[in-house]
Amino acid sequence: DKFAFLYEVVGFRCNKIERVFIKSVSGFSSFVDFLVFYQEKQPTQNDIPLYAIEETKTDDKESRNTGVYQRASKFVFVEIYYPKIKKVMLYNLKIEQKEEPTATYIFGTRLLLTLGVEILGKKLGSKIFQPFHSVNEIVALKRAMRKAHKGNIPILIKKVGNKITVSGRLFKSGGLAHDPNIGALSLISAVIRKLGWTGEIVITKHGLKQKHLQADSKFIKIANHLRLQIQGLVLPASKMRENYWKYETEGEKFGTIFIHLVVENFTKGFSIFENHAGCEKGYFITSDGKHIPLEKYSDRKAYKAGNKKKIISIPDLILIDFGRSEIINIEGKKYQFRKDGIKELKSFGDIEKTYIKKYYPKFKIIRTVVLYGGTEKKVIEIEVGFLLNENGDLVLGIKAPALFKEAIKNLLDFWS
DNA sequence: ATATAGAACGGTACGGTGGG
DNA sequence: CCCACCGTACCGTTCTATAT
């Protein structure tokens, strides 16, 4: 009757693959979304994964540097541990892809291709999207791109003799934290090295001071690996951790992901909104199956003017129970923070008014907390619908939604 | 004037750290 | 040992000069 923290994917057939298992892991520094191993036994630190996969929902249409640059540092980083790993950038787009690719997108994607990254989930015109063959080609394409507007620091690549300079702001909110540019500069530098350049590579116009360079930062690690210089500053030597990943045992999302999957696989209910990861982009699914992005603020102007209450708080998961005409708004938390979860239930008024009641007017709305962690085998708080504890015990709350009870019952029946 | 696109900025989770 | 604090990483949205 216990969850073993291992999921098996069923319902497919493949001659080369008998069974597929999924387990939660996390990284110590920069880390891709998925590692795929092809082997008999559960992976250990000694095993080498076949694929490293990075996923995004951001299209060129929404953002240029985030869509293509921001994730790139992960591919550069993972190669330090697994030089031969197959790298995949997976665009999981729920909206229409932008018709004409922008120059930034073409430039970034060609860099990724040169690094050996396979692009999935997007249509790539085969004439435009070719790997680069020389450093000069990269310099020329970047130079031909539209210039950044005044006040911004443009990314520019210059080659003089035995030295290449790459400009780009790396300073953000008090430190070396400008993610899109950490990605862009890592990617550009890695590709230049890949094309055989052994001369100097100097990062300029970064906006950093010496104290911002911490040996633990992912960019400093990459800079050491690629032998980059940061203009005007001394690059601290970085020490790489021995391992790239570990099995995850802590995250609050264990609980909400579990209930999400059990409901979808063992009842007729399903998710109409999910946000298991922090700032993940989420779509609300309407009654006729459309995906709509959620507004972030109930009153944008007021929020920007300082009224922080005008943000729309979103649940971690919204499940729908058609049979009982119920919609379940779920907040996920670790067991020790259950009080915070109960408090947050009170803030779901906006989303219920703006989205749920609008698209599902006849449904009854239930708010509940789903917990992970601890070793308790029961929960006292009536606001808690379900608890998965760290021993794998499945604990239904006193007033658990009927859909939860049905899901757990069917799950246990299936396995007994 | 206005849409575009290059770049900056914002919000959340989590782990390390140090004081009580 | 607990917990507040802070920095890093992650994943988005927003800003705004410029091209059209």
Side-chain angles (χ1 to χ4, degrees), chain A residues 26-33 54-74 77 91-92 95 98-108 142 144-156 167-186 205-207 211-222 241 246 248-254 256 275-283 293-297 300-301 303-304 306 308 310-314 316 331-334 336-337 339-340 344 372-373:
Chain A
S26 59
F28 297 99
S29 181
S30 174
F31 191 65
V32 293
D33 294 323
E54 179 63 18
E55 179 185 359
T56 184
K57 300 191 186 100
T58 305
D59 181 54
D60 204 14
K61 183 169 7 186
E62 295 147 324
S63 179
R64 271 58 53 197
N65 62 353
T66 327
V68 64
Y69 290 155
Q70 182 155 307
R71 314 282 189 288
S73 53
K74 299 194 185 188
F77 196 79
Y91 288 93
N92 184 7
I95 52 165
K98 193 174 191 307
E99 202 60 48
E100 285 300 319
T102 62
T104 300
Y105 174 63
I106 294 171
F107 179 70
K142 186 71 190 88
M145 284 165 62
R146 173 175 153 169
K147 298 293 171 289
H149 61 248
K150 210 165 67 183
N152 285 7
I153 296 158
I155 296 175
L156 291 171
S167 63
R169 183 185 175 100
L170 289 172
F171 179 84
K172 181 201 150 188
S173 52
L176 201 180
H178 195 297
D179 255 314
N181 276 3
I182 288 175
L185 301 185
S186 301
K205 300 189 180 171
H206 42 71
K211 64 175 178 184
H212 299 132
L213 305 190
Q214 301 294 329
D216 274 339
S217 141
K218 64 175 171 181
F219 187 75
I220 299 301
K221 290 175 182 168
I222 289 171
R241 282 188 76 120
K246 65 170 195 277
E248 172 69 71
T249 56
E250 294 287 320
E252 69 171 48
K253 52 180 174 281
F254 267 119
T256 50
N275 192 261
H276 294 302
C279 203
E280 180 188 354
K281 179 172 187 156
Y283 296 98
L294 295 186
E295 291 291 331
K296 288 193 74 142
Y297 313 103
R300 204 190 137 68
K301 268 189 185 167
Y303 179 83
K304 292 291 173 184
K308 299 292 177 191
K310 296 296 181 185
I311 191 161
I312 298 180
S313 1
I314 50 175
D316 293 304
E331 179 61 30
K333 276 285 175 286
K334 287 190 193 176
Q336 60 196 114
F337 299 127
K339 295 267 184 287
D340 298 328
E344 281 178 42
Y372 167 72

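Bear in mind that the values here come from a model prediction, so they are computed numbers and not experimental data.
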Which part of the nucleic acid, if any, lies within reach of [X] when heavy atoms closer than 4.0 Å are counted: base, sugar-phosphate only, or nothing?
| X | answer |
| --- | --- |
| A:Ile153 | sugar-phosphate |
| A:Glu55 | nothing |
| A:Pro180 | base |
| A:Asn181 | sugar-phosphate |

Any side-chain N or O of [X] below 4.0 angstrom from OP1/OP2 of [N]?
| X | N | result |
| --- | --- | --- |
| A:Thr102 | B:dT4 | no |
| A:Ser30 | C:dC10 | yes |
| A:His178 | B:dA8 | yes |
| A:Arg71 | C:dG12 | yes |
| A:Lys74 | C:dC11 | yes |

Given the structure, check if the side chain of A:Asn152 and the base of C:dA17 hold any donor-acceptor pair shorter than 3.5 Å.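 Counting by modelled atom types and ignoring angles, no donor-acceptor contact under 3.5 Å is found here.
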Should [X] and [Y] count as side-chain neighbours, where that means a heavy-atom distance under 4.5 Å?
| X | Y | answer |
| --- | --- | --- |
| A:Leu170 | A:Phe219 | yes |
| A:Phe31 | A:Lys74 | no |
| A:Tyr69 | A:Leu185 | no |

Roughly, in whole Å, what's the span from [atom1] in [X] to [atom2] in [N]?
| X | N | atom1 | atom2 | value |
| --- | --- | --- | --- | --- |
| A:Lys172 | C:dG12 | NZ | P | 14 Å |
| A:Phe77 | C:dA9 | CZ | P | 9 Å |
| A:Leu213 | C:dT8 | CG | P | 11 Å |
| A:Lys333 | B:dA13 | NZ | C1' | 10 Å |
| A:Ile220 | C:dG7 | CD1 | P | 17 Å |
| A:Ile155 | B:dA5 | CD1 | C1' | 13 Å |
| A:Asp316 | B:dT12 | CG | C1' | 11 Å |
| A:Asn65 | B:dA8 | CG | P | 8 Å |

Would A:Phe107 and A:Lys142 count as a side-chain contact (heavy atoms from CB on, under 4.5 Å) if you check the C-alpha gap in whole Å, the side-chain angles of each, and the deciding distance to 0.1 Å? CA-CA 7 Å; A:Phe107 179 70; A:Lys142 186 71 190 88; 3.6 Å; yes
For residues A:Glu55 and A:Asn92, is any side-chain donor paired with an opposing acceptor at under 3.5 Å?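 Per modelled atom types, A:Glu55 and A:Asn92 side chains form a pair under 3.5 Å.
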NZ/NE/NH1/NH2 to OD/OE distance under 4.0 Å, A:Lys218 and A:Asp179: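 Yes, this pair counts.
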Which nucleotide in the list [options] gets nearest to the side chain of [X]?
| X | options | answer |
| --- | --- | --- |
| A:Arg146 | C:dC11, C:dA9, C:dA17 | C:dA17 |
| A:Lys218 | C:dC11, B:dA5, C:dA9 | C:dA9 |
| A:Lys142 | B:dA8, B:dA7, B:dG15 | B:dA7 |

